[in-house]
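What follows is a single structure, written as structure tokens, with notes after it.
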Amino acid sequence: MERTGPTVRFSGLLAAATAAVLAAGALVATAPAAGAADVDLARNGGFESGLDGWSCTAASGAAVSTPVHGGTKALKATPAGSDNAKCSQSVTVKPNSSYTLSAWVQGSYVYLGASGTGTTDVSTWTQSSGAWKQLTTTFRTGPSTTSVSVYTHGWYGTPAHYVDDLTLVGPGGDPVVIPAVPGGLKTTAITSSSVALSWNAVSGASGYNVYRGGTKVATATGPSATVTGLTPSTAYSFQVSATNAAGESAKSAAVTATTTAGGGGGGDTKLPARALVGYLHSSFANGSGYTRMADVPDSWDVINLAFGEPTSVTSGDIRFALCPVAECPNVESEAEFKAAIKAKQAAGKKVLISIGGQNGQVQLASTAARDAFVTSVSKIIDTYGLDGLDIDFEGHSLSLNTGDTDFRSPTSPVIVNLISAVKSLKAKYGSDFVLTMAPETFFVQLGYQFYGSGPWGGQDPRAGAYLPVIHALRDDLTLLHVQDYNSGPIMGLDNQYHSMGGADFHIAMTDMLLAGFPVAGNTSRVFPGLRPDQVAIGLPASTQAGNGHTTPAEVNKALNCLIKKTDCGSYQTRGTWSDLRGLMTWSINWDRFNNWEFSRNFDAYFGN
């Protein structure tokens, strides 16, 4: 959230490729002769049938008629953003056998490789562009390997490249048979809204289907999955089956699990079924003008006081004061402000202190800062009689230390201490304590692709850094309203990039929060979805409030899709989220400046 006009803050993630990294590849000029019984196992390796048999990331791949190496078609693949334009296919092979993988390529930094070999996965690449060049590499399968993935890809930020006449020569694999029924199904973690499951891997399986009460609710490529969007204190029955190209096995024996009751966060005793959340510029003025607490319309169910800020970045000592008279001539007195808060609460509204904002960097890097945070925030809450806390940490407040790679068990002090501090506040004030969060997409949904500095370093350590905080506090969380603005393009669960400003962005970003997603693409580390009543969509109230303003018509399309599964456009949600809590905006002041367009549209849509 910003004190002034909009500023786009979206950092690059991947460090540029260095010569040292690229030098790890090796170009093999010739291949050993194939045996008499060997055959070419690659399907449509000349791309004469388009992309039949191939799976390409995002919209990166297409069959073209020029240039070609042989025949009439070749693959054209174009890296874009953080997508390296990978195209792959699964090939059935024999265990303990040797294979030669070859392809003709044109372009710079084009890779050819095989994974899942059961021994040492291989890849090779060409550095220079220009004429067609042949890439070749060999591998041997492991004692139980029956399929491998062969692939090509480019490099980030490079132009389109071309691939043609790809072959995989070696002994043909045995006919694919339907896999066995998975065994060992068990629960590994249970929350109020999700159940994590694991089972024994099945030989020959390429994937798994997860069933809840006989209905398929999830798929997985490995022997684990997390089912989300569940109701607290409810018993569920789960089964799993194994799949491959031949078909699907029978379902496993069922396992039952009962979700936890939760910590009271987001319950109907806290908020109306549809809630409107807004930030009130209480400690400063900007172009929108100062709005007195008593003048906030009844449309607003949650009023976040912006902002409580630290005395220094690492002190943890948070202070809040009303806007000075010199800056805000129409500011009310302390007594009037407190009386107006009580009047709002008497009318059923919630008033919270929001900590952070664009200028309020907060790093709880020490236990002393953590304890100061608890003490100082408690003082603000008690002084003004507030209902709870909104965490609006931005900028460099949260980041992950190198090696902190699992959102389920964070080790970075700024993360661990924030979680501890909030839990202390929750324990002090009890079940009526309202907890909300307003992270930027960079710190949440971007975690689908990148988490922290990454396994090899070089990424922005802030990527996905809110995920461990949200996860640890999910049973205490009343509302998460991610800022769907001041954002760069973000990849959704459809593996397409979505850009702010229209219904599509809000649909895709909100669906990720509700369905859950593997963090950094790791299917064994799935961020479980939140309950729909814990989620609101965050938008700017006017074009002056932030980049990514969305018109009322587009806002309504997003609500229709998420709540009713209509008006969805090209993106299809993973569920129908009929209990979605509502909307958040920056800010009440900017909405007033814009003739209350945002709140009036909310009231009209929900019939308030």
- So the salt bridge (charged side-chain N to carboxylate O under 4.0 Å, His left out) pairs with at least one residue in residues 358-368 (sequence neighbours excluded) are none

Partner set under side chain to side chain contact (heavy atoms under 4.5 Å, CB included) for [X], not counting sequence neighbours:
X    : answer
A508 : H498, Y571
V414 : Q363, A365
H69  : W104, W132, D164, D165
T405 : R525

Counterpart residues, side chain to side chain donor-acceptor pair (under 3.5 Å), relative to [X] (two or more places apart):
X    : result
S524 : N522
S587 : H281
T119 : T117
T550 : H506

Could you label the plane-to-plane angle of the [X] and [Y] rings as parallel, tilted or perpendicular, counting under 30° as parallel and over 60° as perpendicular?
X    : Y    : value
Y466 : F443 : perpendicular
Y151 : H153 : parallel
F407 : H471 : perpendicular

- Query: Does a donor on one side chain sit under 3.5 Å from an acceptor on the other, for Y111 and N84?
  - Reply: no

- Message: Between D121 and S115, is there a side-chain donor-acceptor contact under 3.5 Å, judged purely by atom types and distance?
- Response: no

- Query: For S206, does its backbone N or O pair with a side-chain atom of N244 as donor and acceptor, under 3.5 Å?
  - Reply: no

- Message: Checking the side chain of Q534 only, and the main-chain atoms of L477 only, is there a donor and an acceptor separated by less than 3.5 Å?
- Response: yes

- Query: Given S412, which of N417, D404, T402 fulfils the side-chain hydrogen bond (donor to acceptor under 3.5 Å, both in side chains) condition?
  - Reply: D404

- For S487 and T441 the tightest heavy-atom approach is OG-OG1, 2.7 Å

- Check salt bridge (charged side-chain N to carboxylate O under 4.0 Å, His left out) between R43 and all other residues, then give those that pass, not counting sequence neighbours. D52

- Task: Please list, chain by chain and in numerical order, all residues satisfying salt bridge (charged side-chain N to carboxylate O under 4.0 Å, His left out) with D371, sequence neighbours excluded.
- Result: none

- Under a 4.5 Å cut-off applied to non-hydrogen side-chain atoms, are Y279 and M584 in contact? yes

- Listed by chain and number, what are the ring-ring contact (aromatic ring centres under 6.0 Å, His included) partners of Y208, not counting sequence neighbours? W199

- Ring-face cation contact, F517 with R574, 6.0 Å cut, 45° max: no

